[in-house]
Each structure stands twice: as C-alpha cells, then as structure tokens.
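Naming: A, B, ... by sequence-line order, numbering from 1 per chain.
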Amino acid sequence: MESGTIPLSSIPGPFDLQATLESGQTFLWTRADERTYLDPAPREGTDWYRTALDDQVVAVRQTGDALEWRATERDPTEALRDRLRLDDEMAQMLASLPDDPLIDAATAAFPGLRVVDEPFFPTLVSFILSAQMRVERIHSLVQSLGETYGQPLSFGEETVYAFPTPEELAAATERELRDLGLGYRAPYVLESAAMVADGTLSADDIRSLPYEEARTRATEFVGVGEKVADCVLLFSLGFTDPVPLDTWIRSAIEEYVPDIEVTTYRDTSRAIRERFGPYPGIAQTYVFHYLRHREALTAAGRAQQ
DNA sequence: CTCCAGGGAGCCT
DNA sequence: AGGCTCCATGGA
C-alpha cells in the first residue's frame with residue numbers, strides 16, 4: 001500500500017473534497033464510514049473516499065492542509081489532479097462568474113466545489129439511471145452495478161469493485177438489471193452499453209464536436225435525452241458550457257430569472273448560458289448543490305446563533 | 001394511502 | 001417541432 005499527500009498549497013484556489021464528491025456529479029466514490037451524503041465530516045478532516053481508478057484502489061481524504069491519499073499500487077496524484085480538476089484556477093474562475101444573487105449565494109455556500117472529470121462510460125450509465133431517481137439512490141445503484149458486474153480489487157482486507165466495462169455490462173440481462181432495481185431504465189442501460197462496446201458511438205466521436213452538436217450526438221444513446229447528455233458532456237467530456245436543465249434548475253429559473261421564458265430545451269439552455277457565462281457548467285453545478293441544501297444551511301445558520 | 005425523484009421513449013397532433 | 005402518457009422503484 002502506497003500513501004502520500006498533496007498539499008492544499010499546491011492547488012490554486014479553494015478546494016472542498018466533500019462538496020465535490022457528494023454534489024451529484026459523480027457516483028463512483030464511497031465514503032468509508034458509509035454515512036449518508038453531507039453528514040458532517042470528522043473534526044480533523046473528511047472521511048476517506050474510495051474509488052477504483054486506473055486498475056487500482058485509491059482512497060483520499062482532506063485534512064486542514066492537504067489531500068491525503070492511499071493507493072494499492074502506485075502514486076495516483078496525476079490521475080487525481082485530472083479527475084478532481086485540482087489544477088483549475090478556481091479563484092479566478094469564480095471571480096469571472098456574473099454578479100448574480102443566486103450564483104453569489106451558491107459559490108459562497110460551498111467554495112471549493114469543483115466540476116469533476118470522470119470516465120465517460122460510468123458517467124453515461126450513471127446519468128441514464130438518474131431519470132426520475134433521487135441522488136442517493138443513483139449512487140446506490142451505481143455501486144450495485146460495480147459489485148455485481150465489475151472487477152474486484154483488493155484494498156487491504158476489503159474489496160472495492162471497479163465500475164463494469166461496456167462489455168461486462170452489455171453481457172447482463174434485462175431481468176438481472178430489473179432485479180437490481182433499475183426499473184424501466186434496464187433496457188436503456190443494456191442498449192447503450194452495447195453501443196459503446198461495439199463502437200457505434202464513442203466518447204471521442206462526441207468530444208470532437210462543438211457543444212450543441214455534441215449534445216445532440218450524445219442523445220443517440222438510448223435513455224439519453226438533452227438533459228442527460230448535458231450531464232455527460234459536463235462531468236466526463238470536459239465541456240464547460242452545459243447547464244443540465246433538471247427540475248431544480250428549471251424551478252430556479254422561474255424563481256430567480258423570471259424574464260427567461262422556459263420553452264424548448266435548446267432555447268432555455270441558450271438563455272441561461274448567456275446569464276451563467278463564461279463557465280455556465282460550473283455556475284450550474286454550484287447552484288444545483290446549493291439549491292438542494294440551502295434549507296439545511298439556513299437551519300445550521302440559525303443553530304449557530 | 002399518495003406523491004415524487006438531476007427524464008426519456010413512443011405516439012399523437 | 002411541441003405536447004401528452006407511460007414508465008419501475010423506494011422513500012417520505
């Protein structure tokens with residue numbers, strides 16, 4: 001077992017591991033203590049979060065002045081920098097966001113939240129599952145897929161499962177996936193996994209296109225409409241434009257930006273991106289996380305007084 | 001019991 | 001193109 005630290009001083013701008021991994025962008029990490037999302041972290045830093053990363057198990061936690069890591073085979077620092085976008089100049093990017101009351105409140109509530117850059121296929125499947133599903137349950141199902149179809153990797157005395165490859169998942173049956181609890185999404189996952197496995201549509205096919213064309217192309221996957229396509233582009237393909245228009249963001253537009261008429265996805269997206277520029281996806285990710293937790297934040301604020 | 005969840009497919013006009 | 005309806009499942 002290897003171990004080491006990444007000093008927070010080497011990361012430009014604020015960084016918040018818990019907010020980054022528990023804000024519904026990625027469902028590939030698990031908290032070692034199995035507590036639920038956004039339960040308070042221990043005093044001396046966050047809990048350990050684990051994932052399978054490049055054929056080894058990596059665990060990270062954040063302390064007062066560093067990211068500590070443990071890995072079964074080799075130093076994962078470079079991979080962590082890529083996935084958690086540790087090299088982004090966050091202070092500069094946050095300062096460049098428009099001066100808007102909602103964005104200001106969201107960035108102030110969780111400074112250090114970063115938009116992740118996770119692998120394409122697990123992200124595609126995760127957000128196919130996300131249709132009409134709570135964040136916590138998406139996480140539970142993604143973990144179940146790993147435990148059922150993914151490769152086991154030892155982590156000390158414990159076992160961590162990699163997310164299944166397209167081939168491994170495409171070999172499942174609809175009956176099995178329905179028994180796992182995927183419901184009507186089971187055939188969507190199977191068909192899209194087969195499309196990736198046989199090369200019908202790849203991450204590179206989508207990545208190379210201009211944003212709106214990429215979004216349309218991604219909807220060729222089964223179970224992927226414009227909203228899910230936006231999530232995949234934002235959280236796994238490096239696009240900074242997507243503003244996934246889910247129920248939270250749509251209601252936020254009606255409440256905070258009433259002059260934007262919510263019509264078609266394309267036109268609403270264009271209008272909100274104009275307001276959220278120059279990094280609409282980052283602004284959206286902050287706003288989504290803030291909206292889902294602002295009641296708790298308000299309650300905590302009252303408790304402190 | 002009802003209602004709802006980071007929506008999308010299929011079918012209708 | 002835009003508007004319906006149905007879709008599984010679990011938790012509040």
Checklist entry - Is A:Glu176 atom CD crowded by more than 12 heavy atoms from other residues, nucleotides or ligands, each under 6.0 Å away? => result yes
Next on the checklist: Heavy-atom nearest nucleotide on DNA chain B for A:Thr219 versus A:Leu245: which residue maps closer to 5'?
Outcome noted: A:Leu245
Next on the checklist: Under 4.0 Å from OP1 or OP2 of B:dG7: is there any side-chain N or O of A:Thr247 that close?
Outcome noted: yes
Next on the checklist: Surrounding CZ of A:Arg70 (heavy atoms of other residues, nucleotides or ligands, distance under 6.0 Å), is the total greater than 12?
Outcome noted: no
Checklist entry - Rounded to the nearest Å, what distance is computed from the CZ atom of residue A:Phe127 to the C1' atom of nucleotide B:dA5? => result 14 Å
Checklist outcome for this item: From NE2 of A:His139 across to C1' of C:dG11 the rounded distance in Å is 18 Å
Item to check | Value in whole Å for how far the P atom of C:dG3 lies from CD of A:Glu226 | outcome: 13 Å
Next on the checklist: Taking A:Lys227 first and then A:Asp230, would you say they form a salt bridge - that is, a charged N and a carboxylate O separated by under 4.0 Å?
Outcome noted: no
Next on the checklist: Ignoring hydrogens and geometry beyond distance, is the side chain of A:Arg185 in donor-acceptor contact with the base of C:dC7 at under 3.5 Å?
Outcome noted: no
Next on the checklist: Using atom C1' in both nucleotides, what's the gap between B:dA9 and C:dG10 to the nearest angstrom?
Outcome noted: 23 Å
Checklist outcome for this item: Between CG of A:Leu177 and P of C:dT9 the distance, given in whole Å, is 12 Å
Checklist entry - Please give, in whole Å, the distance from B:dG8 P to A:Lys227 NZ? => result 7 Å
Checklist entry - Looking across every strand, which nucleic acid part, if any, lies under 4.0 Å from A:Thr263 by heavy atom: base, sugar-phosphate, or nothing? => result nothing
Checklist entry - So which one's nearest nucleotide on DNA chain B is more toward 5', A:Phe221 or A:Asp246? => result A:Asp246
Checklist entry - Can you tell me how far P in B:dG6 sits from the matching atom in C:dC6, rounded to whole Å? => result 23 Å
Item to check | Face-to-face stacking of A:Phe288 with B:dG6, centres under 5.5 angstrom, angle under 30° | outcome: yes
Next on the checklist: What is the distance, to the nearest angstrom, from the CD atom on A:Gln132 to the P atom on C:dT5?
Outcome noted: 15 Å
Checklist entry - Hey, mind stepping through A:Arg250 and A:Asp246 against salt bridge (charged side-chain N to carboxylate O under 4.0 Å, His left out) and telling me if it holds? => result CA-CA 6 Å; A:Arg250 286 176 185 272; A:Asp246 58 44; over 6 Å; no
Next on the checklist: Is it the case that over 12 heavy atoms from other parts of the model lie below 6.0 angstrom from the CG atom of A:Asp55?
Outcome noted: no
Item to check | Side chain A:Tyr184 and base B:dG7 donor-acceptor under 3.5 Å | outcome: yes
Checklist entry - Atom CD of A:Glu174 and atom C1' of B:dA9: how far apart are they, to the nearest Å? => result 14 Å
Checklist outcome for this item: Separation of B:dG7 atom P from A:Arg137 atom CZ, nearest Å, is 13 Å
Checklist entry - Hey, does A:Phe235 reach any base, or is it just sugar-phosphate, or nothing, if we go heavy atoms under 4.0 Å? => result base
Item to check | Watson-Crick or G-U wobble mate for B:dC1, both contacts under 3.5 Å | outcome: none
Next on the checklist: By the 4.0 Å heavy-atom rule, please label A:Arg178 as base, sugar-phosphate, or nothing.
Outcome noted: sugar-phosphate
